[in-house]
Amino acid sequence: TITFNGGAAQTMGTYTTYNNVVIANTSGGVSLTGTTTILGTTTITTGTLTQGANTFTATGALSVTGTFDSGTGTFTASSTTIVNNGGTILLSGLSSTKTFSGAVTISSGGIWNETAVATSITLSTTLANAGTFTTSTGAHTFSGNITNTGIFNYAVAGASMTTLLASTSGTFNYTGAAQTVTLVNY
């Protein structure tokens with residue numbers, strides 16, 4: 001396990017493959033400097049991990065209590081992704097692809113925020129949102145069931161949520177153009 005726990009900006013070297021990585025930087029964050037693969041767990045406890053324009057693959061579990069900013073590079077999470085209370089995943093890269101092959105959980109107090117219109121997002125398995133999940137208007141593929149007990153802001157124009165499960169709590173906001181409301185109990 002490699003832990004980045006500095007009090008100033010740090011960079012994750014140009015070594016292309018790591019095992020387990022912990023980001024615990026209290027000020028300045030950690031930035032990738034090249035194509036990076038983390039084979040084990042990626043844990044962001046404090047501070048920010050910034051991907052930039054680099055390609056980043058997390059093959060083990062991704063746990064975010066700090067902030068993960070995916071930048072403009074291609075990102076792939078092959079295992080589970082958990083955004084814990086106080087954590088933020090920021091998907092901000094224009095014309096980039098972000099793929100989540102494992103289950104995604106947004107805990108109460110966790111934030112998933114997509115800020116770039118042209119970002120292509122794929123979630124291949126389940127999504128459980130108890131925090132705040134905000135999509136961009138870019139292309140989205142939701143292959144697994146979606147459970148929402150938090151706040152879900154859906155901005156994809158002309159698309160319905162065919163995998164949204166009925167819920168007795170939570171808020172689902174349709175914010176895009178020409179959307180079809182999914183027929184489930186909200």
Side-chain angles (χ1 to χ4, degrees), residues 1-84 86-107 110-125 127 129 131-144 155-156:
T1 300
I2 297 175
T3 301
F4 292 87
N5 61 357
Q10 295 177 290
T11 56
M12 192 177 295
T14 56
Y15 309 105
T16 57
T17 304
Y18 292 86
N19 193 13
N20 299 310
V21 173
V22 175
I23 306 298
N25 183 294
T26 57
S27 179
V30 177
S31 299
L32 302 183
T33 59
T35 297
T36 302
T37 298
I38 298 177
L39 298 175
T41 59
T42 304
T43 306
I44 305 169
T45 59
T46 55
T48 301
L49 174 60
T50 302
Q51 177 180 340
N54 304 295
T55 297
F56 177 36
T57 302
T59 61
L62 171 63
S63 176
V64 180
T65 306
T67 300
F68 171 58
D69 182 350
S70 69
T72 59
T74 298
F75 174 70
T76 302
S78 302
S79 187
T80 58
T81 299
I82 299 173
V83 183
N84 300 297
T88 299
I89 288 185
L90 178 61
L91 304 175
S92 59
L94 280 173
S95 299
S96 60
T97 301
K98 315 298 181 188
T99 303
F100 295 82
S101 299
V104 175
T105 301
I106 314 298
S107 301
I111 297 171
W112 175 292
N113 190 14
E114 302 170 17
T115 61
V117 173
T119 298
S120 173
I121 308 291
T122 300
L123 286 99
S124 299
T125 62
L127 167 63
N129 177 50
T132 301
F133 190 98
T134 302
T135 71
S136 68
T137 58
H140 283 69
T141 302
F142 295 101
S143 299
V156 180

Requested in this report: Take Thr134 and Ile111 through the side-chain contact (heavy atoms from CB on, under 4.5 Å) test and state the conclusion after the steps.
Outcome: CA-CA 8 Å; Thr134 302; Ile111 297 171; over 6 Å; no
Query raised in the report: Taking it one step at a time, do Ile82 and Ser107 satisfy side-chain contact (heavy atoms from CB on, under 4.5 Å)?
Result: CA-CA 7 Å; Ile82 299 173; Ser107 301; 4.2 Å; yes
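Separating the CG atom in Asn129 from the CD1 atom in Ile106 is a distance of 6.0 Å, to the nearest 0.5 Å. Rounding to the nearest 0.5 Å gives a distance of 10.0 Å between CD of Glu114 and NZ of Lys98. For the atom pair OG1 (Thr135) and CD1 (Ile121), the distance works out to 9.0 Å, reported to the nearest 0.5 Å. In this structure, CG on Leu127 lies 8.0 Å from OG1 on Thr105, to the nearest 0.5 angstrom. Rounding to the nearest 0.5 angstrom, the gap separating the CD1 atom in Ile23 from the CE atom in Met12 is 4.0 Å. Separation of atoms CD1 (Ile38) and CD1 (Ile2) is listed at 9.0 Å; rounding is to 0.5 Å.
For Ser27, there are no side chain to side chain contact (heavy atoms under 4.5 Å, CB included) partners, not counting sequence neighbours. Every side chain to side chain contact (heavy atoms under 4.5 Å, CB included) that Thr17 has, sequence neighbours left out, goes to Thr37, Leu39. Residues satisfying the side chain to side chain contact (heavy atoms under 4.5 Å, CB included) criterion with Leu90, sequence neighbours excluded, are Asp69, Ser92, Asn113, Thr115. Considering only residues two or more places apart in sequence or on other chains, Thr99 meets the side chain to side chain contact (heavy atoms under 4.5 Å, CB included) condition with Thr76, Thr97, Ser101, Thr122.
Proximity of a side-chain donor or acceptor of Thr65 to a complementary backbone N or O of Gly87 within less than 3.5 Å is not detected. Proximity of a side-chain donor or acceptor of Thr42 to a complementary backbone N or O of Val21 within less than 3.5 Å is not detected. With hydrogens and angles disregarded, no donor-acceptor distance shorter than 3.5 Å links the side chain of Thr3 to the backbone of Asn5.
Ser63 pairs with exactly one of Thr41, Asn84, Thr43, Thr81 by the side-chain hydrogen bond (donor to acceptor under 3.5 Å, both in side chains) rule, that one being Asn84.
Pairs engaging residues 44-60 under the side chain to side chain donor-acceptor pair (under 3.5 Å) rule: none recorded [sequence neighbours left out]. Pairs of residues two or more places apart, or lying in two chains, that qualify as ring pair (Phe, Tyr, Trp, His ring centres under 6.0 Å) and include a residue from residues 58-84 are Phe56-Phe68, Phe56-Phe75, Phe68-Phe75, Phe75-Phe100.
Contact check for Val83 versus Val104: no side-chain heavy atoms found under the 4.5 Å cut-off.
Ser96 and Gly73 make their closest contact through CB-O, 3.8 Å (heavy atoms, listed as atom of the first residue, atom of the second, distance).
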